[in-house]
S.K.: 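The structure that follows is given in the form of structure tokens.
Note that ligands are numbered from 1 as they come in the structure, with each ligand's atoms numbered from 1 the same way.
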Amino acid sequence: MQSVKHKDIIVIGAGASGFFAAINCAIRFPEAKIIMIEKSNKILSKVRISGGGRCNVTNHCFDHAQLVKNYPRGEKELRQVFSRFDVQHCIAWFADRGVKLKTEPDGRMFPVSNSSETIIACFLREADKRHIQIRIQEEALSMKSLPDGRLTLSTSKQVYEADAIICCIGGHAQSKHYDFIKKTGHTLSEPVPSLFTFNLPGDPVCELMGLSVKSATVKILSTSYKFTGPLLITHWGMSGPAVLKLSAFAAIDLYNCRYDAGISVNWTGELKETDVKTILEKQQGSKAMIINTPLFEIPRRLWEYLVSKAGIASQKSWMELGKKENNKLVEFLINDIYHMQGKTTFKEEFVTSGGVKLNEIDFKTMQSKKIPGLYFCGEVLNIDGITGGFNFQNAWSTAWIASQLGN
Ligand SMILES: Cc1cc2nc3c(=O)[nH]c(=O)nc-3n(C[C@H](O)[C@H](O)[C@H](O)COP(=O)(O)OP(=O)(O)OC[C@H]3O[C@@H](n4cnc5c(N)ncnc54)[C@H](O)[C@@H]3O)c2cc1C
């Protein structure tokens, strides 16, 4: 073990990345004095409610090239980060501390206990064992570097001197929470919500609420944003992985157009017009009622809705289907247009895009390029992932690197 260079370490924020940074710093530098300060009266509050109380710790994605694709912001920088601490390191870290993770069919990984309390208990045990001090209801207000290379931190309660500060204050919808970071000379990308569902007020499709389609392609009109995946029709509009992914990648554009946008849905997944026409042609001699013959794995109620939207009478058979009606049906199957007006927060997991600009951070160490000794990790950075455990993986990986304090 390398000699203890850093003695006084302050971690700002007792959330996911704050705990991970503090614990790993204590492991790396056992003689260091580590203090975590937390402005609220609760620690790990997001971890507790994460994944609907189950905590989606990470995602079973071991290929770094694949893994980074799940981050609309941060893709390039995370390649370097994951080369030092990735999903396998995360799984091993928890396993070494008695927390086994399990994988669900879609790749999401949860503690086998199905409870976020297991993760919290593990962090509290580790922090206690390593004598990390946790001070709640104390807010970081300003940071400065001193002539001798150390740093000072003023909080709502006192002034500290430290050899290193690890800033883990998470993502915030209001930019005022980042003011004390801006005062150090850092610039921030404006916070913008990510991971939300699309509202389609008054659209009759909402009457099909609760219905899901295994694979649909959703596209934002006049842009190149489109994603294919499961789609869920809700009381308010559309949700499900395809929509959430789209909301994350198009977060800034959708914010700029005030969540007022045209979207198109291909209910067949990724089939092209010619493929759909060929499949419909095969039905043409059939005496079966169109309404009774759902195709492309489209659920029956949705099929009925689309047939009726195409103006096809409910008692019509395939034999009786006219060319115009056939074309309308094809259009509604592959290019069904809706008007998004507003968004709804995805309660299971929502994040903020925006934060400390990535070109101001050295990703080998997570150290600020502006203030030596100041490190950033987690959602305070302009990095965010899609739903599925990717946001925590960013928190664990960046926090682990920061915890090594440049070593
Ligand atoms: C409802 C919900 C569910 C989620 N579920 C999942 C999931 O299952 N899987 C997943 O990967 N991601 C999930 N996320 C996202 C994930 O929780 C965050 O990406 C992650 O918590 C970020 O970690 P962090 O340490 O950067 O920030 P946080 O965990 O938010 O911690 C930041 C801490 O800093 C404190 N703080 C802020 N400012 C100051 C200050 N000035 N001084 C002192 N303390 C301060 C805050 O009070 C907070 O405790 C979810 C998010 C939400 C909202």
Side-chain angles (χ1 to χ4, degrees), residues 10-22 35-59 61 67 70-71 73-74 87 90 101 104 107-111 114-116 119-120 123 134-143 153-157 160 165-183 191 193-196 244 248 345-353 355-356 366 375-400 402:
I10 300 193
V11 175
I12 310 173
S17 61
F19 263 88
F20 210 69
I35 300 174
M36 285 175 87
I37 65 154
E38 165 56 48
K39 80 167 173 191
S40 75
N41 61 359
K42 292 187 196 90
I43 54 167
L44 294 165
S45 51
K46 275 201 197 164
V47 172
R48 180 164 280 115
I49 57 169
S50 66
R54 295 203 296 146
C55 189
N56 180 191
V57 176
T58 185
N59 194 289
C61 183
L67 185 58
N70 296 288
Y71 296 87
R73 284 145 295 268
V87 174
C90 162
L101 304 180
E104 306 225 316
R108 290 179 304 158
M109 299 193 74
F110 294 88
N114 264 332
S115 169
S116 57
I119 304 297
I120 293 174
F123 284 167
I134 304 167
R135 301 186 180 170
I136 59 167
Q137 291 182 295
E138 187 168 345
E139 181 176 0
L141 298 176
S142 72
M143 302 181 282
L153 170 72
S154 302
T155 72
S156 49
K157 294 196 174 156
Y160 296 90
I165 295 178
I166 310 181
C167 184
C168 320
I169 65 158
H172 298 271
Q174 292 163 317
S175 58
K176 66 174 186 198
H177 295 284
Y178 302 111
D179 280 352
F180 78 100
I181 297 174
K182 280 188 198 156
K183 283 188 195 141
S194 183
L195 294 179
F196 46 84
L244 290 167
T345 304
F346 179 60
K347 303 252 172 9
E348 284 284 288
E349 179 176 342
F350 60 88
V351 291
T352 317
S353 106
V356 175
M366 302 314 298
Y375 298 79
F376 290 96
C377 49
E379 221 185 295
V380 65
L381 294 162
N382 186 21
I383 296 181
D384 57 276
I386 61 166
T387 176
F390 302 106
N391 284 300
F392 277 141
Q393 186 58 50
N394 167 48
W396 315 138
S397 296
T398 51
W400 186 86

S.K.: For I12, take its heavy atoms, then give the atoms of ligand 1 lying under 4.0 Å from any of them.
M.R.: 42 (N), 43 (C)
S.K.: Should you measure from each heavy atom of K46, which atoms of ligand 1 turn up under 4.0 Å away?
M.R.: 17 (O), 21 (O), 30 (O), 53 (C)
S.K.: Could you check atom 14 (N) of ligand 1 against the protein and tell me its nearest heavy-atom contact, residue, atom and distance included?
M.R.: E349 CG, 3.4 Å
S.K.: Hey, looking at atom 52 (C) of ligand 1, which of W396, F350, F346 has the closest heavy atom?
M.R.: F350
S.K.: Give the numbers and elements of all ligand 1 atoms closer than 4.0 Å to a heavy atom of G378.
M.R.: 26 (O)
S.K.: Could you tell me the residue and atom name of the protein heavy atom closest to atom 15 (C) of ligand 1, and the distance to it rounded to 0.1 Å?
M.R.: V351 CG1, 3.8 Å
S.K.: Number the atoms of ligand 1 from 1 as they appear, then name those within less than 4.0 Å of a heavy atom of H172, with their elements.
M.R.: 37 (C)
S.K.: For E138 and ligand 1, answer yes if some heavy atom of the residue is under 4.0 Å from a ligand atom, otherwise no.
M.R.: yes
S.K.: Check I12 against F180 and note the closest heavy-atom contact, atom names and distance.
M.R.: CD1-CE1, 4.2 Å
S.K.: Among N56, T58, T398, N70, which one satisfies side chain to side chain donor-acceptor pair (under 3.5 Å) with Q393?
M.R.: T58
S.K.: When the ring centroid of W396 is compared with that of F123, is the distance short of 6.0 Å?
M.R.: yes
S.K.: Any heavy atom of F20 closer to ligand 1 than 4.0 angstrom?
M.R.: no
S.K.: Any atom of ligand 1 sitting under 4.0 Å from a heavy atom of C168?
M.R.: yes
S.K.: I'd like to know if the side chain of S116 reaches the main chain of G53, judged simply by a donor and an acceptor atom lying under 3.5 Å from each other, with no hydrogens or angles considered.
M.R.: yes
S.K.: Yes or no on side chain to side chain contact (heavy atoms under 4.5 Å, CB included) for S40 and E139, after CA distance, side-chain angles and deciding distance?
M.R.: CA-CA 8 Å; S40 75; E139 181 176 0; over 6 Å; no
S.K.: What do you reckon, does H177 put a non-hydrogen atom under 4.0 Å from ligand 1?
M.R.: no
S.K.: Could you name the option among E38, Q137, K39, R54 that has the heavy atom nearest to atom 46 (C) of ligand 1?
M.R.: E38
S.K.: Does an N or O from N56, backbone or side chain, lie closer than 3.5 Å to an N or O of ligand 1?
M.R.: yes
S.K.: If you count the atoms of ligand 1 from 1 in the order shown, which ones are under 4.0 Å from a heavy atom of S50?
M.R.: 3 (C), 4 (C), 5 (N), 6 (C), 7 (C), 8 (O)
S.K.: May I ask you to test the N382-V356 pair for a side-chain heavy-atom distance under 4.5 Å?
M.R.: no
S.K.: Can you tell me which portion of N391 lies within the under-4.0 Å heavy-atom range of ligand 1? Options are side chain, backbone, both, or neither.
M.R.: both
S.K.: Can you tell me the protein heavy atom closest to atom 4 (C) of ligand 1 and the distance?
M.R.: E348 O, 3.3 Å
S.K.: Is there a polar contact between ligand 1 and G51, counting only N or O atoms under 3.5 Å apart?
M.R.: yes
S.K.: In the protein, which heavy atom is nearest to atom 24 (P) of ligand 1, and how far is it?
M.R.: S17 OG, 3.5 Å
S.K.: If every non-hydrogen atom of A248 is compared with every non-hydrogen atom of S194, which pair is closest and at what distance?
M.R.: CA-OG, 3.2 Å
S.K.: Does a donor on one side chain and an acceptor on the other come within less than 3.5 Å for R108 and N59?
M.R.: no
S.K.: So which protein heavy atom does atom 41 (N) of ligand 1 come closest to, and at what separation?
M.R.: A140 O, 3.3 Å
S.K.: Could you check atom 1 (C) of ligand 1 against the protein and tell me its nearest heavy-atom contact, residue, atom and distance included?
M.R.: K347 O, 3.3 Å
S.K.: Indicate yes or no: at least one non-hydrogen side-chain atom of F110 is less than 4.5 angstrom from one of L101.
M.R.: no
S.K.: Can any side-chain N or O of Y375 pair as donor or acceptor with the backbone N or O of A399 at less than 3.5 Å?
M.R.: no
S.K.: With heavy-atom distances below 4.5 Å as the criterion, would you say the side chains of F196 and L244 are in contact?
M.R.: no
S.K.: Between the main-chain N or O of F390 and the side-chain N or O of Y71, is there a donor-acceptor pair closer than 3.5 Å?
M.R.: yes
S.K.: Looking at I383 and G74, what are the two nearest heavy atoms and their distance?
M.R.: CG1-CA, 4.0 Å
S.K.: Quick test: of every protein heavy atom, which one is nearest to atom 16 (C) of ligand 1, and how far off is it to 0.1 Å?
M.R.: F392 CE2, 3.6 Å
S.K.: Rounded to the nearest 0.5 Å, how far apart are CG of L195 and CZ of F350?
M.R.: 10.0 Å
S.K.: Which atoms of ligand 1 sit under 4.0 Å from any heavy atom of I37?
M.R.: 43 (C), 44 (N)
S.K.: Please confirm whether E379 comes within less than 3.5 Å of ligand 1 when only nitrogen or oxygen atoms on both sides are compared.
M.R.: yes
S.K.: Could you tell me whether V47 approaches ligand 1 through its side chain, its backbone, both or neither, with non-hydrogen atoms closer than 4.0 Å?
M.R.: neither
S.K.: Going by the closest heavy atom to atom 23 (O) of ligand 1, which one wins out of A16, G53, A14?
M.R.: A16
S.K.: Just need the protein heavy atom nearest to atom 34 (O) of ligand 1, so name the residue and atom and give the distance.
M.R.: G13 CA, 3.3 Å
S.K.: Knowing that exactly one of K39, R135, E138 qualifies, which makes a side chain to side chain donor-acceptor pair (under 3.5 Å) with T155?
M.R.: E138
